[in-house]
Amino acid sequence: MVKMSTLAGLAALALASCFAPAVEPQKSKSSTQKAKSTVTDTGQHFFVSPSGDPAGNGSMDAPWDLPTALSHPAAVQPGDTIWLRGGAYVGTFTSVLTGTPASPIKLRQHPGERAILDGNAITTLSVAIDASATSCTLAAGPFTQGTVARMDSEDVLLFIRTGSNKYTIERGWNGTTPAMHPEGTAVTTRNTTLVINGANTWYMDFEVMNSSGLRSHSIPGSIPPPGLGFGIDANGPGTRIINMVIHDAGQGIGIWTPAGDSEVYGNLIYYNGWDAPDRGHGHGVYVQNEAPSVKRIVDNILFDQFGIGSQAYSEQGNIDNIYLEGNTAFQNGILSQVSGYTYNLLIGGKPVAASPSVISNFTYGPASAGGSNNLGYSGGCTNATVTGNYFAQSSALDLVNCFSGLTLTENTFYGSTNGFIQFQLPLNSYYSSRPTGTQVFVRPNQYEAGRANITVYNWDLLNTVGVDVSGILEIGDRYEVRNGQNFFATPVLAGTYAGGTLALPMTGLSVATPVGHVPPGLTGPEFNVFVLLKTGSARQNVHPVPRSEVPRLLPIHSPRPPASNAP
């Protein structure tokens, strides 16, 4: 694993990658989870705008710019909400917002608007520098102090911001050679779009991406091309990343060991990564964790990365108490022209993974195309719980040295299984030939009433599949259904809910176009994923600024404590 320090006193920017007889067919089946109880937030409200000003007061009429808001202004207290107004925020940003476990701060997209953080920050030198210079002045910003910037063939650490666009610098970063750079030299960033160093803050609803279009690099390894920074790196304890859209970055989310007891929930994460000569790099979620902390990766939609969908991996650190539930992961690796399909879900590395939980997740890949799920990888795992999953792909599950304390029940596997003999673990369904019928899974969103992920396995190749959403919507609610593979396109269905099922289309859908890459093929009609959104309530209870409804953080299934012989 490779990590690159971006600023003394700040947590590391992690630029890392690993490497490294059929049962009776099931017919139509639907599974719907129930939503948890919610509590109400009563904090103050502040506002941020792409045209905001550091001298503003954070009101609707005098909003802050984003760097000011993320620096935790004195007016912001635990329990408050900061609203991002619509528009593009171009640059690299570091948040030190800090709430408390009982009263987290929330950074949210303003209702009905689209706020986009774009890490493709490009500027020029406004004053020439020679090979011995210890400072530089840029024509524009913002670049967060700690940004690694590329000037021609040299990487420079923009160490401390001493003026609006002036920085003290460290030369020859990443082993490059200091050189003279004339006025007007292009300056791009390698940095993560959003680095989270504060604690107990929730990041909700907005979009993080990179518009550079750089999807290949001539250098092997896990440092991305200049300009293609990662999406989010979380280092703060109690961080929650909720219902966001994260795409086309060098990596989606890195949630590292210092971010204890954090959660990645309900996000759409896709098209992240790049190709290098050795393989495709860049994963949807990359997680590490040390007990007794628990890292929750729940109800995300992860697809079509260059690398892995969700990876918990370490060579020297810890990967304890990784909790995966309700995630839909499919066709990860498909964008790579070098290595192709890879793991949708992976927990394992060189150390033993202690007490992983893999609960009610859904994966898919064309049967002949490859792709896998892996538990244990190299070092193995102890006290694993694997239950209620539906895995349909070339290799449904590879199990490596995980029998100590293993619970593996009530799963459905279509595809090969490796590392265990099926009759040794009989409380599962195993398919050696293609299933029939339909399987529909509805997962209510725990942070947004009326929202749900809908995953459909359409083995009979029907043009439409009926989905019961009566546990999500009330009669009279207005709703829309979005295609998970093209979330910002026109909804595939919209209307006023009259009860019963919705007929979701399984054909005629489209996929979003990756930045700088050709789009992958359709998964339908065999498989599709949708997001149901309530757009209006039958009860018509409307606040001028909607108050957030949040769940108590109680895992549906808590990881068991490590066995006495666990590392």
Side-chain angles (χ1 to χ4, degrees), residues 1-3 12 14 16-20 222 234-235 237 253-264 283-298 307-325 327 329 342-361 363 372-389 391 395-409 411 413 417-421 424-425 428 555 557-567:
M1 186 188 71
V2 178
K3 282 196 176 183
S17 291
C18 82
F19 36 136
S222 54
N235 305 299
I253 297 173
I255 186 159
W256 308 112
T257 297
D261 294 314
S262 292
E263 182 177 54
V264 175
H283 313 310
V285 174
Y286 197 149
V287 56
Q288 296 172 348
N289 190 61
E290 184 174 1
S293 164
V294 177
K295 291 279 173 60
R296 291 169 46 91
I297 314 298
V298 179
I308 295 167
S310 177
Q311 170 181 265
Y313 177 87
S314 179
E315 295 187 356
Q316 298 179 345
N318 297 88
I319 41 176
D320 308 328
N321 293 348
I322 305 299
Y323 183 91
L324 303 181
E325 182 183 348
N327 301 287
T342 183
Y343 303 106
N344 283 315
L345 303 175
L346 181 147
I347 300 177
K350 292 185 177 180
V352 174
S355 302
S357 296
V358 184
I359 313 292
S360 299
N361 299 281
T363 66
S372 178
N373 302 301
N374 188 294
L375 185 59
Y377 185 65
S378 175
C381 66
T382 59
N383 299 307
T385 299
V386 183
T387 185
N389 302 285
F391 292 158
S395 180
L397 180 63
D398 296 336
L399 197 65
V400 181
N401 299 326
C402 284
F403 278 94
S404 176
L406 174 67
T407 298
L408 195 149
T409 60
N411 303 287
F413 300 119
T417 55
N418 302 288
F420 64 98
I421 301 173
Q424 294 177 324
L425 298 167
N428 301 283
H557 302 275
S558 298
R560 293 175 297 168
S564 58
N565 62 348

Does any non-hydrogen side-chain atom of [Y] lie less than 4.5 Å from one of [X]?
| X | Y | answer |
| --- | --- | --- |
| Leu425 | Thr417 | no |
| Asp261 | Val294 | yes |
| Val285 | Asn327 | no |
| Ile347 | Cys381 | no |

Can you name the closest pair of heavy atoms from [X] and [Y] and give their distance?
| X | Y | result |
| --- | --- | --- |
| Glu263 | Arg296 | OE2-NE, 2.8 Å |
| Ser395 | Asp398 | OG-OD1, 2.8 Å |
| Pro237 | Ser262 | C-OG, 4.1 Å |
| Pro356 | Leu375 | CG-CD1, 4.0 Å |
| Pro351 | Gly317 | CG-O, 3.3 Å |
| Lys295 | Trp256 | NZ-O, 2.8 Å |

Residues that Phe391 engages under ring pair (Phe, Tyr, Trp, His ring centres under 6.0 Å), provided they are two or more places apart: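 Residues passing ring pair (Phe, Tyr, Trp, His ring centres under 6.0 Å) with Phe391: none at all.
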Under 3.5 Å: donor-acceptor pair, side chain of Thr382, backbone of Ser404: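 Not a single qualifying donor-acceptor pair exists.
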Contacts of Ser378 that satisfy side chain to side chain contact (heavy atoms under 4.5 Å, CB included) - sequence neighbours left out: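 Counting only residues at least two positions away or on another chain, Ser378 forms no side chain to side chain contact (heavy atoms under 4.5 Å, CB included).
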Asn318: side chain to side chain contact (heavy atoms under 4.5 Å, CB included) partners, not counting sequence neighbours: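 Result, side chain to side chain contact (heavy atoms under 4.5 Å, CB included) vs Asn318: Glu290, Asp320.
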Separation of [Y] [atom2] from [X] [atom1] (nearest 0.5 Å):
| X | Y | atom1 | atom2 | answer |
| --- | --- | --- | --- | --- |
| Ile297 | Tyr286 | CD1 | OH | 13.5 Å |
| Cys402 | Asn383 | SG | CG | 10.5 Å |
| Thr257 | Asn289 | OG1 | CG | 6.0 Å |
| Phe420 | Leu408 | CZ | CG | 5.5 Å |
| Ser310 | Asn361 | OG | CG | 8.5 Å |
| Glu325 | Ile359 | CD | CD1 | 6.5 Å |

Contacts of type side-chain hydrogen bond (donor to acceptor under 3.5 Å, both in side chains), residue [X], not counting sequence neighbours:
| X | result |
| --- | --- |
| Asn411 | Asn389, Asn428 |
| Asn374 | none |
| Asn373 | Thr363 |

Ring geometry between Tyr377 and Tyr343 (parallel below 30°, tilted from 30 to 60°, perpendicular above 60°):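 Perpendicular.
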Over 12 non-hydrogen atoms of neighbours within 6.0 angstrom of CD in Gln316: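 It does not: Gln316 CD has 12 such atoms or fewer within range.
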